[in-house]
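Take a look at the structure below.
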Amino acid sequence: MLRQLSEQPQISDAARAQLQEVERVLRADSQARLRNAVILDGAPYASVSFGDADAADLVVYLVHGVDTDLTRFGAWASTAQRLCADVIRARALRGGSTRVATIAWFGYDSGSHATARATAHATLGAARLAVDLDALVARNPGAEVAVVAFSYGVTLLGELALLGGAARVDAAFAIGGAGMTRFGAASVEELIAGGALDFAATEARADVIARLGRLGAHPVDARDLEGAAVYSADGGRVPGTDTNGEPTQGHGAHTSTDEFGVTRRGYFAPDAQAYLSLVAQLAVRD
């Protein structure tokens, strides 16, 4: 499928390079599976699963934030791959089901920081994710589904609930959220109150960007939702374990080093409290 898309004459060199990044991920892991790939308005979108999503008892979607396209797919795919392995290991230790799959979902145009205060990209992304969730549940109706949303992905999550697409989701995690619309937040709260959705949220004190994201059309902090289980990203004990995690040092999903040589730990760093808490919570979902 990727080769056929890449060979289309109208594909730009930039789009072709993005598809090649997905190919690189697939070649590097024999258990990685391409879920879908498409070109829309000249831009490529794709999602890759780690583990057999069509046979798993737990399927976890990872949804990225703004300024993220397939050029950054490698980092997110590595996180999805590691999350799958860590959740399997944690569930095995407690005697739970190890049939787990994670999906690095790059199915939407998340826009840029210039568009991040609006909701258009989140609403369209929510509609696309709803279609993918329907397709997953049709193939694997017994699966428990979790959505791990980062930054503007949390805005998308609220719109997913508003559109009715979150009915397929059993658990959701809002990480460094850029906020939800009031209607989206109310829709998530209805699902929580009805027992249809387990919802958890975290944000680091050092994360200034997430707070700025809530100054626009999606001002509701996911941590303020009625029924939300709030957990720490600032370092310390991982709930339900004897493990300590490190603080997230900013808004990054992944650890990065700036031009001055300063390294900042991201939410999904292997030793981050936010990441280890996510693993722990997914481990008990069986």
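Along the sequence shown, the residues carry numbers beginning at 1.
In this structure, the side chain of Arg35 does not engage the main chain of Trp105 through any donor-acceptor pair within 3.5 Å. Of the possible polar contacts, one joining the Asp258 side chain to the Val262 backbone as a donor-acceptor pair under 3.5 Å is found. Looking at Ser277, its side chain never comes within 3.5 Å of a backbone N or O of Ala274 through a donor-acceptor pair. Arg117 places no side-chain N or O within 3.5 Å of a backbone atom of Leu215 that could act as its donor or acceptor partner. Arg264 places no side-chain N or O within 3.5 Å of a backbone atom of Thr255 that could act as its donor or acceptor partner. In this structure, the side chain of Thr155 does not engage the main chain of Ala122 through any donor-acceptor pair within 3.5 Å. With Asp170 contributing its side chain and Val145 its backbone, the two residues share a donor-acceptor pair below 3.5 Å. No side-chain donor-acceptor contact under 3.5 Å links Thr102 to the backbone of Val60. Side chain of Arg265 to backbone of Ser256: no donor-acceptor contact under 3.5 angstrom is found.
Going from atom CG of Leu19 over to atom CD1 of Ile39 covers 5.0 Å, rounded to the nearest 0.5 Å. In this structure, His218 NE2 and Leu157 CG are separated by 13.5 Å, a value rounded to the nearest 0.5 Å. Rounding to the nearest 0.5 Å gives a distance of 3.5 Å between CD of Gln273 and OG of Ser232. The line from OH of Tyr275 to CG of Asp86 is 3.5 Å long, rounded to the nearest 0.5 Å.
Between Phe150 and His251, the distance separating the two ring centers is shorter than 6.0 angstrom. A centroid separation of less than 6.0 Å is found between the aromatic rings of His64 and Tyr108.
When the shell of 6.0 Å around CZ of Arg237 is examined, it contains more than 12 heavy atoms from other residues, nucleotides or ligands. Annotation for Arg139: atom CZ counts as buried by contact number, over 12 foreign heavy atoms lying within 6.0 Å.
Annotation: cation-pi pair Arg128/Tyr45 present, NZ/CZ under 6.0 Å from the ring centroid and within 45° of its normal.
In plain terms, the two heavy atoms of Ala116 and Val66 that are nearest each other are CB-CG1, 3.9 Å. Taking every heavy atom of both residues into account, Val137 and Arg168 meet most closely at CG1-NH1, 3.4 Å.
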What verdict does the side-chain hydrogen bond (donor to acceptor under 3.5 Å, both in side chains) test give for Tyr267 and Asp207, after you've listed the backbone C-alpha separation in whole Å, the side-chain angles of each residue and the deciding distance to 0.1 Å? CA-CA 10 Å; Tyr267 282 101; Asp207 188 347; 2.6 Å; yes
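Two different hydrophobic clusters hold Val169 and Val148 under the rule that ILVMFWY side chains link at heavy-atom gaps under 4.5 Å.
Ser112 and Asp67 are not linked by any side-chain donor-acceptor pair at a separation below 3.5 angstrom, with hydrogens and angles left out of the test. The closest side-chain donor-acceptor pair between Thr263 and Thr257 falls under 3.5 angstrom.
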